[in-house]
Visitor: 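One structure, pasted below without further comment.
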There are 2 protein chains.
Amino acid sequence: MAHRIVSDEVFLATALDLFRTYGFEGVSLKRLADATGLEKASLYYRYPGGKDAIAMAIAKDVVTWFQANVFDPLVGGEPARKRVSFVAENLREFYAGGSKACLMDVLSIRGVSEELQLALKTAMQAWVSAFAQVAKESGHGSAAARSKAEEAILRIEGSLILARVLGETACFDRVLKLLPDLLTAA
Amino acid sequence: MAHRIVSDEVFLATALDLFRTYGFEGVSLKRLADATGLEKASLYYRYPGGKDAIAMAIAKDVVTWFQANVFDPLVGGEPARKRVSFVAENLREFYAGGSKACLMDVLSIRGVSEELQLALKTAMQAWVSAFAQVAKESGHGSAAARSKAEEAILRIEGSLILARVLGETACFDRVLKLLPDLLTAA
DNA sequence: GTCTATATTAAGATAGAC
DNA sequence: GTCTATCTTAATATAGAC
């Protein structure tokens, strides 16, 4: 087969989709190779650490996306409600309207490297902090704001599971719609 | 090695734990054999369908448990709030205080048989119906009661993910504590 | 930097002794 | 009904050509 050119960006986007669909253990190097058009040996050249390293690269990519599209837009000049609404739309896109799983979910079952587990935990803490900061602006104390933030995230995560099992995304939609209320209500 | 006696009950309980921890793809027949003290061939004798059949048997077991400890106690003479509190304590035990995953979560990622996916969906619908029935008693219309029920379940599922990723179960505790309020408030 | 080819280990699955 | 032994397939991983 002729040499292929597959950018890291495209490769990681494809791999992200696979991991979200089949979970860490459900994705083999062959599956990654077939889906991206590269050979297994080429994947090892790019990521000498194998599947662990690929999952780690994906996680880093997603964290970067969250930084730019969730954490950063949450601080700034516009009214808090408007900022949260904007972020909610970004999340709607990331989760494809509730039809794509969260990496935090599928990668947090045991089997993954300690390093990745820690990265997921750190990312989740950053997410909680970002949401809590907004809740604080609306007059909540630190502890209450943190609870509100956790509540918001856990609803998003839970609605994705419900949507996946039931095969309908209405609950995810409802959660996103209520997100501004939840985080900015006094 | 001498013959072993492992009851189906004990076998399925051990297997349930493994699937909740490692997910469907993360559990091999060898792992099941090692953990239960049976040989792989014995597992095939008991469950000719292999891993799919074992996962299915576990799912059926769990549905039976939910029927007895969640669905059934939700109908009956006692005040609604009290019934929900009772069920919340049962759920606390089933999820080991928030430290054990939900089968719905770990088995609903692709890779599992169509039959099992349908069983999970049916079980989830039953759970929603059971919760919705209680919400209806408190004066909500059908649609609102169903939303309340989905909200309750999605919070439980989401808090389990948050607890798993963060390594602390406080959010699961909070969700269970608010469960009676959520389902029985007018 | 990607390929073909292959080594090694583990998975799912079955045959046949006891 | 459980075991040992074995088959087949698929997974991770590496060597070496181009």
Side-chain angles (χ1 to χ4, degrees), chain A residues 1-59 106-107 109-117, chain B residues 1-59 106-107 109-117:
Chain A
M1 185 174 286
H3 286 210
R4 294 164 182 278
I5 310 286
V6 180
S7 70
D8 276 13
E9 195 183 349
V10 167
F11 171 77
L12 287 177
T14 307
L16 169 61
D17 242 39
L18 285 180
F19 279 106
R20 290 172 97 175
T21 305
Y22 300 102
F24 183 77
E25 301 283 355
V27 176
S28 67
L29 271 290
K30 168 156 172 47
R31 189 169 236 168
L32 280 165
D34 288 350
T36 60
L38 288 166
E39 288 299 322
K40 281 189 289 175
S42 302
L43 301 189
Y44 278 105
Y45 177 84
R46 294 191 184 199
Y47 304 94
K51 207 167 75 167
D52 277 336
I54 293 171
M56 193 68 196
I58 291 171
V106 301
L107 291 189
I109 55 170
R110 219 71 58 84
V112 109
S113 73
E114 295 283 331
E115 189 192 2
L116 180 47
Q117 284 181 48
Chain B
M1 187 173 287
H3 287 210
R4 295 164 182 276
I5 310 286
V6 180
S7 71
D8 276 13
E9 197 183 345
V10 167
F11 171 76
L12 287 176
T14 307
L16 170 60
D17 242 39
L18 285 180
F19 278 106
R20 290 171 99 175
T21 306
Y22 300 103
F24 182 77
E25 301 283 356
V27 176
S28 66
L29 271 291
K30 168 156 173 48
R31 190 169 236 169
L32 279 165
D34 288 349
T36 60
L38 288 165
E39 287 300 321
K40 279 192 289 176
S42 303
L43 301 188
Y44 277 104
Y45 177 81
R46 294 191 184 198
Y47 304 94
K51 205 167 76 167
D52 276 338
I54 293 171
M56 194 67 197
I58 292 171
V106 300
L107 292 188
I109 55 170
R110 218 70 59 84
V112 107
S113 72
E114 294 284 331
E115 190 192 1
L116 181 48
Q117 284 181 48

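Reckoned from all heavy atoms, side chains included, excluding hydrogens, waters and symmetry mates. Within every chain, numbering begins at 1; the chains are lettered A, B, ... in the order of the sequence lines, protein sequences first and strands thereafter.
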Visitor: Just jot down the side chain to side chain contact (heavy atoms under 4.5 Å, CB included) partners of B:Val106, sequence neighbours excluded, or say none.
Guide: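 Listed in chain order: A:Ile109, B:Ala101, B:Leu103.
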
Visitor: Rounding to an integer number of Å, can you tell me how far A:Phe11 CZ sits from C:dT2 P?
Guide: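 Result: 10 Å.
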
Visitor: Nearest whole Å is fine: how far is C:dT2 P from A:Ile5 CD1?
Guide: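 Going from CD1 in A:Ile5 over to P in C:dT2 covers 7 Å.
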
Visitor: How many Å lie between CG on B:Leu43 and P on C:dA11, as a whole number?
Guide: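 Nearest whole value for this atom pair: 13 Å.
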
Visitor: Using a 4.0 Å heavy-atom cut-off, does B:Lys51 contact any base of the nucleic acid, only the sugar-phosphate backbone, or nothing at all?
Guide: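 Sugar-phosphate contact only.
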
Visitor: OP1 or OP2 of C:dA13 less than 4.0 angstrom from a side-chain nitrogen or oxygen of B:Tyr44, does that happen here?
Guide: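 For C:dA13, OP1 or OP2 has a side-chain N or O of B:Tyr44 closer than 4.0 Å.
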
Visitor: Whole angstroms only, please: what is the CG-C1' distance between A:Asp34 and C:dC3?
Guide: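 Rounded to whole Å, this separation is 15 Å.
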
Visitor: Look at the side chain of B:Ser28 and decide which nucleotide, out of C:dG12, C:dT14, C:dT4, has an atom nearest to it.
Guide: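 The listed nucleotide nearest to B:Ser28's side chain is C:dG12.
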
Visitor: Within a strict 4.5 Å, meaning less than it, do heavy atoms of the A:Leu32 and A:Val27 side chains meet?
Guide: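 Yes, their side chains come closer than 4.5 Å.
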
Visitor: For residues 41-50 of chain B, which side-chain donor-acceptor pairs fall under 3.5 Å, sequence neighbours excluded?
Guide:
unit_1: B:Arg46; atom_1: NH1; unit_2: B:Val6; atom_2: O; d: 2.9
unit_1: B:Arg46; atom_1: NH1; unit_2: B:Asp8; atom_2: OD1; d: 2.9
unit_1: B:Arg46; atom_1: NH2; unit_2: B:Val6; atom_2: O; d: 2.5

Visitor: For A:Arg110 and B:Gly26, indicate whether the former's side chain and the latter's backbone hold a donor-acceptor pair under 3.5 Å.
Guide: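 It does not hold such a pair.
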
Visitor: For B:Ser42, report the nucleic acid contact type (base, sugar-phosphate, nothing); a contact means any heavy atom under 4.0 Å.
Guide: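 Base contact - B:Ser42 has a heavy atom under 4.0 Å of at least one base atom.
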
Visitor: Which comes earlier along DNA chain D counting from the 5' end, the contact point of A:Arg31 or that of A:Ala41, where each point is its nearest nucleotide?
Guide: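 Its nearest nucleotide lies further toward 5', so the answer is A:Arg31.
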
Visitor: Once you round it to whole Å, what is the distance between C1' of C:dG1 and OH of A:Tyr47?
Guide: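 Distance check: A:Tyr47 OH to C:dG1 C1' gives 13 Å.
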
Visitor: Any heavy-atom pair between the side chains of A:Ile54 and A:Phe24 that's under 4.5 Å?
Guide: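 A:Phe24 does not reach A:Ile54 side chain to side chain.
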
Visitor: Closest-nucleotide mapping onto DNA chain C: is B:Val27 or A:Val6 further toward the 5' terminus? I mean the 5' end.
Guide: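 First, find each residue's nearest nucleotide; the 5'-ward one identifies A:Val6.
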
Visitor: To the nearest Å, give me how far apart CD (B:Glu39) and P (C:dA11) are.
Guide: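 Rounded to whole Å, this separation is 14 Å.
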
Visitor: Mind calculating the distance between CD (B:Glu25) and P (D:dA11) to the nearest angstrom?
Guide: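 Distance, rounded to whole Å: 10 Å.
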
Visitor: So which nucleotide from C:dG1, C:dG12, D:dT2 ends up closest to the side chain of B:Leu38?
Guide: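 Comparing C:dG1, C:dG12, D:dT2 against the side chain of B:Leu38, the answer is D:dT2.
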
Visitor: Please give, in whole Å, the distance from D:dG1 P to B:Lys40 NZ?
Guide: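 Atom-to-atom, B:Lys40 to D:dG1, this comes out as 22 Å.
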
